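Residue numbers begin at 1 in each chain, while the letters A, B, ... track the order of the sequences. Note that the structure is a prediction, hence the values are computed from the model and not measured.
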Amino acid sequence: MTNITFVLNGEARTVAVDPHDVLLDVLRDRLGIKSPKAGCNRGDCGTCTVLLDGRSARSCLILAVEVAGHEITTLEGVGAECLTPLQESCIALDAFQCGYCAPGVILTATELLRDNPHPSEEEVKEALAGNLCRCTGYRSIIDAVMAAGGSP
Amino acid sequence: MAIVHQFSYARPSNLDEALALMDRHAAAAAILAGGTDLVVNLKEGRARPSIVVDIKGITELQRLHVADGKLEIGALATFSDLLRAESVRTDFPLIAESAGTVASVGIRNRATLVGNLCSAVPSLDCGPALLVHDAQVHVVSIHGSRAISIHEWFTGPKITALQPGELVVSVSIPRPIKPHASCYMKLGRYRGEDLAQAGIAVMAVDGFTYRIAHSALAPAARRARFVESILDGAVLDQGVLRLATAALAREIAPITDMRATAAYRRHLAGVMLERGLREAVRRLHARGPVALGRLP
Amino acid sequence: MSEYRFIGSSTPRLEGREKVAGAAQFVDDLEFGPNLHYACVVESPHAHALIRGIDASEAEGMPGVVRVFTGRRESARRV
């Protein structure tokens, strides 16, 4: 085992890992960060999404050793003080039902809105194409992201 | 889901260190860049390396620039890097267009074009674009370096001309001198993570020559030379298009798998070829920005 | 037409805030401590076969295996 240090939600954390440890498992089982979920475990569903140096990435496809020296943000680190406009519009427009996909969707949309503050509906759909939702059928999620981007 | 197989991990900071490790471990070494294929293969037991060599610490592999009319894509350039690069979008729009069809944002932020080339699945989205551009793959080992033509790169499903101990450093893509326009058609079941059921890239070059390549329609991505010879010098009319689609049907060898039947692929390949040719010609004559993304 | 309080209007989801903040707990998020055991179901490799006997001795001898449950043993225990 080797110790790796990385910034997790703004705080430096050190954890002992083996080369074959997957980031998602280390976050959930050793660091108590439960918002990234295990879904398909092969990069298809988007529930394990984290921001790696500000860009959305699949934590189920990253070895924990790879993130040494990098910055990881999970949903716990977004709107911790006060919810972001995107999170507020997700509540107001009832974007989620069971909420299992919410962490991945919100992180992916956070990246989109940072790079492109007023996306078109097509751009929202393209950005979220890798985040599967089995409850709300996407309409309310797309509406919530559009509303956060200033479009009614 | 944990990885059961045990391996050691190395993160060399320069090319020499990486090549020495690869020479020592040969076929037992697995290269890690974006990891979007490798980690799945480790989890599912298809990859059982004794060492994983993470090349992300080798800064010279990050290069992505245009020089002497050639685009050079380093082994660490991700599909998102390609989509963000102004020089790629304006001067190599086919590369950007096909990069934009790969999986989803969260994958494109990590997955590299060179990794896609090395995995060499028959359905790879970057294959047709590189084939019509006559790209070169640059590889190094402790014994030296060599350039491999993209036409000799794919030797079978998931098999390439890369030898144990060799590392791909970059892909270089020449820009045709004559005015040209291109388009990538991808057939998929849905947006997001789906692999191509069929992919066709078309480049129309001023003077009525056409370059055509396909993926997911044969054991490996390749150029449709027979179709190209039929179209050479021709103005696209109904008769020529009919000949071309018939030629393509003879040139491909689609299979039936979970994504589509062979008959469906064969039929749609003809439709895609015709639409791709029309769109590439339309873009050739319509000056101005080319819309990126999926076509109807 | 009378005015209804709930019919015809949207009601904000009670647990909406937890869900968008990453604080909602799903079953897999619950912590049971180090004594959590894991179970694995072993099925007959033959469809519609008669189970004449189950020899679990090899499995029971493996390191970390706490117990093997079989239908015969558990029903015997209950009686």
Side-chain angles (χ1 to χ4, degrees), chain A residues 1-2 4 17-26 28-29 38-70 104-105 107-109 111-112 115-116 122-133 138, chain B residues 1-11 13 30 32-57 78-81 83-84 100-111 115 188-195 291-294:
Chain A
M1 281 219 173
T2 47
I4 59 160
V17 297
D18 276 319
H20 62 268
D21 284 333
V22 175
L23 178 63
L24 174 65
D25 301 335
V26 170
R28 290 181 55 83
D29 302 340
C40 68
N41 270 310
R42 58 198 315 283
D44 291 342
C45 76
T47 57
C48 68
T49 300
V50 297
L51 298 181
L52 168 53
D53 298 332
R55 300 212 171 274
S56 63
R58 308 288 202 233
S59 64
C60 77
L61 295 185
I62 298 173
L63 302 177
V65 285
E66 290 181 74
V67 305
H70 291 272
V105 168
L107 289 172
T108 304
E111 178 193 29
L112 170 71
D115 294 347
N116 179 3
E122 193 50 33
E123 288 167 330
V124 173
K125 285 183 180 172
E126 179 57 30
L128 294 178
N131 291 86
L132 303 188
C133 163
Y138 304 105
Chain B
M1 182 183 182
I3 296 171
V4 177
H5 177 67
Q6 312 256 321
F7 50 85
S8 61
Y9 170 84
R11 189 184 162 94
S13 55
L32 170 63
T36 53
D37 280 332
L38 178 64
V39 177
V40 175
N41 288 335
L42 288 169
K43 286 182 171 186
E44 297 177 2
R46 281 186 300 274
R48 305 179 62 81
S50 62
I51 184 170
V52 166
V53 180
D54 184 350
I55 58 171
K56 287 192 287 296
T78 64
F79 287 108
S80 290
D81 291 337
L83 286 167
R84 275 194 298 270
T101 70
V102 174
S104 57
V105 179
I107 296 291
R108 294 198 290 264
N109 282 344
R110 293 286 285 175
R189 294 167 299 180
Y190 46 82
R191 184 143 63 169
E193 287 301 331
D194 205 18
L195 300 178
L292 296 177
R294 274 151 215 270

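- With a 4.5 Å cut-off on non-hydrogen atoms, L52(A) touches chain B through its side chain but not through its backbone.
- Looking only at heavy-atom pairs under 4.5 Å with chain B, the residue among D25(A), L63(A), V65(A) that has the most is V65(A).
- Each of D37(B), L42(B), I3(B) has some count of heavy-atom pairs under 4.5 Å with chain A, and the biggest count is that of I3(B).
- For the set A38(A), A57(A), G43(A), G46(A), the count of heavy-atom pairs under 4.5 angstrom toward chain B peaks at G43(A).
- Heavy atoms closer than 4.5 Å to chain B are found in both the backbone and the side chain of D44(A).
- For the pair R58(A)/V39(B), no side-chain contact is recorded, criterion being any heavy-atom separation below 4.5 Å from C-beta on.
- S104(B) and G130(A) get closest at one heavy-atom pair: CB-CA, 3.4 Å.
- The shortest heavy-atom contact between H20(A) and H5(B) is CB-O, 3.6 Å.
- At distances below 3.5 Å, at least one donor-acceptor pair connects side-chain atoms of N41(A) with backbone N or O atoms of M1(B).
- Proximity to chain B is limited to the side chain of V22(A), based on heavy atoms less than 4.5 angstrom apart.
- In this structure a side-chain-to-backbone donor-acceptor pair under 3.5 Å is missing from K56(B) to E66(A).
- A salt bridge is absent between R108(B) and E111(A): the closest approach of a Lys/Arg side-chain nitrogen to an acidic carboxylate oxygen does not fall below 4.0 angstrom.
- For the pair V105(B) and E126(A), the tightest heavy-atom approach, listed with the atom from each and the gap, is CG2-O, 4.2 Å.
- Proximity to chain A (any heavy atom under 4.5 Å) is shown, for L38(B), by neither the backbone nor the side chain.
- T36(B) touches chain A through backbone and side chain together, each having a heavy atom under 4.5 Å away.
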